[in-house]
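Written out below as structure tokens is the structure these notes cover.
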Amino acid sequence: MITPEKEIPVHHLTSEEFQMSTLRAAGPENFHDVHRHNFFEIIWFREVYENSYLELDFESYKLENNQICIIAPGQVFNMKINGEDGYAMAISREIFNEVCDIEPVLTGGMLPFYLNPKSEKTCSAIIALMEEEYKGASRTELLKAYLKAFCIIIGEQIAPQEPLLNDRQRIHELVGLIEKYYIMHKETGFYAEKLKISTHHLNDIVRLLRGTTVKKMISQRLILEAKRELSFGALTIKEIAFKLGFNDTSYFSRFFKKHTGQNPDYFKNNEKR
């Protein structure tokens, strides 16, 4: 049995579905130490120091002035706040899904990216209105309207979406289904059935728009979760295998080595060092 204290800590939103704060006030939650969110977080770094950085799923990113980072639920995250200037918004899944329709962000977050001067000016005006409302009447519908406007502006600077509307929507749905079922269902046919198309057609769409296969997308999600647990959790390899739906630890080890070139115990010990 896996005990809760061995899990990677998860930060939750409590009484509010939306929280907003300046980075100088350390944000709406404690940024320090490795953790996950069960919500989305948008962080706008207005001014940072020379050594400002954040860590997100095994990568360290040096921060620059006027960058935005979007963290999705489940990502393993760590950042040291030392009085940088900017804003942090913690947003429930429900509100974020309602106001932000940027497909890569909904499951994978978005690494730090720059705002151009025109977008920065617009976002500053929106943030000012949002902050005034949040500290005042804090009307949910108005805050959602400001947040939607903010997401539209920053979304224009994220890589363009695929041009085929129907297939793009299917990819969007597939990513969400994999996020929900990847531990229980590892076969392409399950997802094709959910999307009401043939397995062959689904793989064709994924090859065209993502340059991969459904099977590889599922495997990549499993490997990412395995790496998170091996690096930051306190579970044994047997417990991780069981948590990810593998009944046989040796099969999990072979699966991990096939996709990473390393045994799980070697990866775990290397990361800890």
Side-chain angles (χ1 to χ4, degrees), residues 2-14 16 18-93 96 104-114 154 158 179 220-237 239-240 243-244 256 260 262 264-273:
I2 298 171
T3 54
E5 62 268 17
K6 297 175 78 173
E7 300 276 5
I8 299 169
V10 179
H11 291 197
H12 297 265
L13 282 174
T14 51
E16 299 174 274
F18 175 83
Q19 294 180 13
M20 179 182 186
S21 179
T22 64
L23 292 183
R24 292 192 189 280
E29 50 131 349
N30 176 16
F31 287 102
H32 295 273
D33 301 323
V34 171
H35 63 279
R36 303 177 193 257
H37 297 145
N38 79 332
F39 50 87
F40 285 90
E41 184 148 45
I42 300 177
I43 307 175
W44 184 6
F45 302 97
R46 302 296 303 273
E47 290 186 29
V48 298
Y49 301 119
E50 186 177 345
N51 60 346
S52 295
Y53 72 96
L54 63 81
E55 295 173 357
L56 195 60
D57 279 338
F58 317 104
E59 297 291 339
S60 181
Y61 299 93
K62 186 178 184 300
L63 296 170
E64 305 288 346
N65 289 343
N66 201 36
Q67 282 186 324
I68 285 181
C69 180
I70 306 175
I71 302 161
Q75 289 191 283
V76 175
F77 171 65
N78 185 25
M79 184 170 70
K80 304 302 182 187
I81 290 293
N82 298 304
E84 289 86 347
D85 182 35
Y87 294 91
M89 292 172 277
I91 308 151
S92 72
R93 295 170 187 255
F96 195 90
V105 173
L106 294 177
T107 54
M110 188 58 59
L111 300 179
F113 62 93
Y114 290 96
I154 65 174
I158 295 172
E179 186 67 22
Q220 287 166 359
R221 184 63 185 87
L222 284 162
I223 290 297
L224 174 59
E225 197 63 27
K227 284 182 174 181
R228 288 170 173 173
E229 292 293 349
L230 289 166
S231 297
F232 305 119
L235 302 180
T236 65
I237 292 171
E239 288 172 327
I240 294 170
K243 181 177 180 179
L244 295 181
F256 189 87
T260 66
Q262 300 176 21
D265 53 352
Y266 180 85
F267 179 88
K268 184 182 181 74
N269 293 332
N270 229 30
E271 287 296 310
K272 295 297 184 187
R273 287 198 296 271

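By convention here, the first residue in the shown sequence is residue 1.
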Point-to-point distance, once rounded to the nearest 0.5 Å, from CZ of F77 to NE2 of H35: 5.5 Å
Side chain K62, main chain E50, donor-acceptor under 3.5 Å: yes
Reported CG-to-CG distance for the pair L222 and L244, which is rounded to 0.5 angstrom: 6.0 Å
Spatial distance of atom CE (M20) from atom CE (M89) [nearest 0.5 Å]: 6.0 Å
Whether N78 side chain and L54 backbone form a donor-acceptor pair below 3.5 Å: no
Test log, rule side-chain contact (heavy atoms from CB on, under 4.5 Å), inputs N65 and R46: CA-CA 5 Å; N65 289 343; R46 302 296 303 273; over 6 Å; no
Spacing of CG belonging to L63 relative to SG belonging to C69, to within rounding of 0.5 Å: 8.0 Å
Steps toward side-chain contact (heavy atoms from CB on, under 4.5 Å) verdict (E47, N66): CA-CA 7 Å; E47 290 186 29; N66 201 36; over 6 Å; no
Contact summary for L230 and I240, nearest pair of heavy atoms: CD2-CD1, 3.6 Å
Check: S52/E84 side-chain N/O donor and acceptor closer than 3.5 Å: yes
Heavy-atom side-chain contact between I154 and M110 under 4.5 Å: no
Expected output: side-chain Q75 to main-chain A72 donor-acceptor under 3.5 Å: yes
Distance, nearest 0.5 Å, that separates CZ of R228 from CD1 of I223: 12.5 Å
Spacing of F40 atom CZ and I71 atom CD1 [to the nearest 0.5 Å]: 11.0 Å
K268 versus G233, closest heavy-atom pair with distance: NZ-O, 4.1 Å
Check: R36 side chain, G74 main-chain N or O, donor-acceptor pair, under 3.5 Å: yes
ring-ring contact (aromatic ring centres under 6.0 Å, His included) assessment of F267 paired with F256: CA-CA 10 Å; F267 179 88; F256 189 87; 5.5 Å; yes
S92 and F18: CA distance, side-chain angles, deciding distance, side-chain contact (heavy atoms from CB on, under 4.5 Å) verdict: CA-CA 6 Å; S92 72; F18 175 83; over 6 Å; no
Heavy-atom donor-acceptor pair, D57 side chain to V76 backbone, under 3.5 Å: yes
Y87 to L23 - nearest heavy-atom pair and separation: N-CG, 3.8 Å
Closest approach of A90 to F39 (non-hydrogen atoms, all atoms of both residues): CB-CE1, 3.5 Å
Candidate pair T22 and D85, rule side-chain contact (heavy atoms from CB on, under 4.5 Å), full reasoning: CA-CA 7 Å; T22 64; D85 182 35; 5.8 Å; no
Carboxylate-amine/guanidinium contact E225 R221, below 4.0 Å: yes
Minimal non-hydrogen separation, Y114 against E64, with atom names: OH-CG, 2.9 Å
Non-hydrogen side-chain atoms of N38 and P73 separated by less than 4.5 Å: no
Smallest separation among heavy atoms of E41 and I43, with atom names: CG-CG1, 3.8 Å
